[in-house]
There are 2 protein chains.
Amino acid sequence: MNAAIEDENASNYSTARYRTPDGAPADIVIFTITSSSRNQTKKSLPIRELQVLLIQRKKWPFEGCWALPGGFCNEDESVYECAKRELEEETGVGEIHLEYFNVYSEPGRDPRGWMISHAFFALVNESRLINRKAADDASDVRLFPVSEALKLPLAFDHLKILQDAVERVRDRMLTTTIAKQFLPEEFTISELYQVIETVVPDFEEKNFIRKITSTQSRKGILEEAIDGSGERKMSNRYSQRSAQLYRFTDSQPKLSIYG
Amino acid sequence: MNAAIEDENASNYSTARYRTPDGAPADIVIFTITSSSRNQTKKSLPIRELQVLLIQRKKWPFEGCWALPGGFCNEDESVYECAKRELEEETGVGEIHLEYFNVYSEPGRDPRGWMISHAFFALVNESRLINRKAADDASDVRLFPVSEALKLPLAFDHLKILQDAVERVRDRMLTTTIAKQFLPEEFTISELYQVIETVVPDFEEKNFIRKITSTQSRKGILEEAIDGSGERKMSNRYSQRSAQLYRFTDSQPKLSIYG
DNA sequence: GGAATAGTGTCTTTCAGACAATATAGT
DNA sequence: ACTATATTGTCTGAAAGACACTATTCC
C-alpha cells in the first residue's frame with residue numbers, strides 16, 4: 001500500500017462523526033404446517049394448515065401486541081447467524097431451513113430509534129415443534145393460521161413483513177423443492193400435492209402424478225424410495241391401497257420464461 | 001394502550017446500553033450492456049458485452065482498489081432510497097431498474113467498524129450512461145467487462161457481492177422480463193435473444209422466435225409494435241431484410257417446477 | 001451472386017389435459 | 001360389497017426440437 005495521501009486512515013478514522021443506526025434486528029417468520037386427521041374411523045388424508053409462530057410482546061413498544069420473533073444482532077455475528085440463534089432459541093432445534101428475504105428500514109418503523117430489520121423465513125416440520133408447544137402451552141408464544149395472523153394488529157411493520165414472507169414462500173414453494181421441509185424423508189405424491197396446496201391455495205395441476213414421475217424434463221426432482229432388498233417402498237398411511245413412496249433428489253430444475 | 005407494567009417505556013428506553021452498528025451502507029452493482037458494431041461496411045448485429053461500473057477508492061481503507069459504488073444511509077431514508085440516491089449521483093439519471101438482493105454482514109468485512117451492507121443491482125441502458133462516461137473520461141470511475149471485474153482485487157467483500165449479483169441477474173434475466181432494461185422500447189427478436197445471451201452465456205433456445213411469438217403459454221409477454229395507421233412496424237437497423245418490432249407487455253408468466 | 005439476417009414448412013417426439021377405467025385393501 | 005385413494009389407458013391437441021428451406025435487401 002502507498003502512504004496515505006488522504007485525510008483519513010486507520011488511526012484517525014472515526015465513525016462518531018456520523019449518525020449511526022441504533023440496532024440491526026433480525027425478524028423471523030417461522031412457518032409450519034399442522035396436520036389434523038379428518039376422519040377417525042377410516043384412513044384419509046389429513047387436514048393441513050399453514051401456520052406462523054408469533055410472540056406476544058411484554059414490553060414497550062407495542063406492549064401486548066403479537067409480533068414476529070426476533071432479536072438484535074451482535075457485533076461478532078452476521079445477521080444470518082443472529083437469525084439462526086434466535087430461531088434455535090424459539091424452536092429448540094437447529095438444522096432448519098432459514099432463508100433471508102428482505103430488509104425493512106423505513107424511517108420511523110421502530111419507535112425505539114433507527115432500526116434496520118433483516119427479515120427471514122423459516123420452515124419447520126410440525127413434528128419438531130411439538131416439544132416446544134407443550135412447554136409453552138399457556139405462554140405468550142403460539143401458532144396462528146396465516147389467514148388469521150394477517151388480520152391481527154401486529155407490532156411494528158410486522159404485518160408487511162408477514163405479507164411479504166407469505167408471498168415469498170409461495171413463490172419458493174413453486175420454484176424450488178422447499179416442499180421437502182414440510183414432509184418426511186419419504187412421502188407419497190398425494191402428500192406432496194397436499195403440502196403445495198396448503199401453501200399455495202390456488203395450486204392445481206391435472207395429472208400431477210404423471211408429470212412429476214414420468215415427464216422427461218421433471219423426472220429428476222423425485223426418486224422412488226427403495227428398501228434394502230431393492231424393492232420399491234410403499235405406504236398405506238393415508239389410504240387403503242398403498243402408495244409408492246418418493247424422496248426428493250438434490251436436483252433443482254432451472255426455470256425460464258423463454259423456453 | 002395500557003399503562004406500562006414493564007421496566008421500559010418511551011421515556012426511559014435507551015439504546016446506548018447496547019453496542020450498535022457503525023453504519024449501514026448500500027452498495028450498488030450497476031450493470032450495463034455495451035454495443036459495438038462488428039462490421040463497418042455491412043449491416044450486422046453488434047457485439048454486446050455485460051459491463052459493471054466500478055470506482056477507484058481514494059481513501060483508506062482499500063485505497064487505490066476498485067470498489068462498488070455506494071454510500072452510507074441516513075437516518076431519514078430507507079436503504080432503498082439511499083441506494084437510489086447513490087445511483088443517481090453515479091449515473092446522473094433516475095428511473096433506473098434498481099433491485100435489492102442481499103445483505104452482507106460478516107464480522108470484520110469492513111475495517112472501519114461494524115458495517116452492515118445492503119447490496120443492490122441496477123440495470124442501465126448504455127445510452128443513458130454516455131454523458132456520464134464523457135464527463136468522467138479520465139477519472140476514477142469506469143466500466144469493466146464483468147469477466148474482468150471478477151478477476152480484480154476488489155475492496156471489502158465486493159468480489160463476493162459482485163459474484164452474487166451476477167448470479168442473481170442471470171436468474172432474473174431468465175425468470176422475469178428485465179431484459180427490457182437493456183433494450184429500446186421496441187426491438188427485434190434477434191436483439192432480445194442477443195441481450196439474453198450476453199447476460200446468460202449458455203442460453204440457448206432453438207426456434208426461439210416461434211416459442212416467443214406463437215406459443216400459447218408464452219404469447220402474452222411480447223406484442224407486435226404497431227404504428228399509427230395499424231401497420232406492423234419493422235426495422236432494418238441490423239439486417240438487410242427488415243424484422244418485425246416487438247415490445248414487452250406488462251405481463252410476467254408465473255413459473256413452477258411442478259407444471 | 002454473395003452475404004447476412006428474418007422467417008416458414010414439415011416431420012417426429014414429447015407433453016398437457018380430459019376423463020374413463022382399473023387396482024388395492026380396509027371396513 | 002362399499003369406499004377412499006392410487007394408478008393406468010386412451011385419445012386429442014399443443015408444443016419442442018431438428019433442420020431444410022424460402023425471403024429480403026444491401027453490397
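Given the structure is predicted, the values throughout are model-derived calculations rather than measurements. Values below: every heavy atom of this structure, side chains too, minus hydrogens, waters and symmetry copies. Lettering of chains follows the sequences in order, A, B, ..., and the numbering in each one begins at 1.
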Arg210(A) has an atom CZ; how far is it from atom C1' of dT14(C), in whole Å?
13 Å
Assign the ring pair Tyr100(B) / His118(B) to parallel, tilted or perpendicular, where the plane angle (0 to 90°) is split at 30° and 60°.
tilted
Output the rounded distance in Å from OH (Tyr238(A)) to C1' (dA4(D)).
15 Å
Please report, rounded to the nearest Å, how far the P atom of dT8(C) is from the CZ atom of Arg241(B).
7 Å
Counting only side-chain nitrogens and oxygens, does Lys206(A) get under 4.0 Å of the OP1 or OP2 atom of dA18(C)?
yes
Of the options dA25(C), dT5(C), dA18(C), whose atoms approach the side-chain atoms of Gln240(A) most closely?
dA25(C)
Is Ser190(A) close enough to dA6(D) that one of its side-chain N or O atoms is under 4.0 Å from OP1 or OP2 there?
yes
Separation of atom CG in Leu245(B) from atom C1' in dA6(C), rounded to whole Å
13 Å
OP1 or OP2 of dA16(D) under 4.0 Å from side-chain N/O of Thr215(B)
yes
From the candidates dG17(D), dA23(C), dG7(C), the one with an atom nearest any side-chain atom of Asn207(B) is dG17(D)
Just call it for Arg218(B): base, sugar-phosphate, or nothing, with non-hydrogen atoms closer than 4.0 Å on any strand.
sugar-phosphate
Please report the closest heavy-atom contact between Leu174(A) and Leu255(B), naming both atoms and the distance.
CB-O, 4.1 Å
Does Ser217(A) or Ser239(A) map to a spot on DNA chain C nearer the 5' end, using the closest nucleotide for each?
Ser217(A)
Please report the distance, rounded to the nearest Å, between CZ in Arg232(A) and C1' in dT7(D).
10 Å
Start at the 5' end of DNA chain D and walk down; is the nucleotide closest to Glu205(B) or to Ala243(A) reached first?
Ala243(A)
Could you tell me the separation between the CZ atom of Phe208(A) and the P atom of dC15(C), rounded to a whole number of Å?
16 Å
Separation of atom CD in Glu224(B) from atom C1' in dG7(C), rounded to whole Å
13 Å
Among residues at least two apart in sequence or on other chains, which ones pass side-chain hydrogen bond (donor to acceptor under 3.5 Å, both in side chains) with Asp157(B)?
Arg109(B)
Judged by modelled atom types alone, do Thr34(A) and Glu126(A) share a side-chain donor-acceptor pair under 3.5 Å?
no
Quickly work out the Lys219(B) NZ to dA16(D) P distance and round it to whole Å.
12 Å
Phe144(B) six-ring centre to Arg142(B) NZ/CZ under 6.0 Å and within 45° of normal
yes
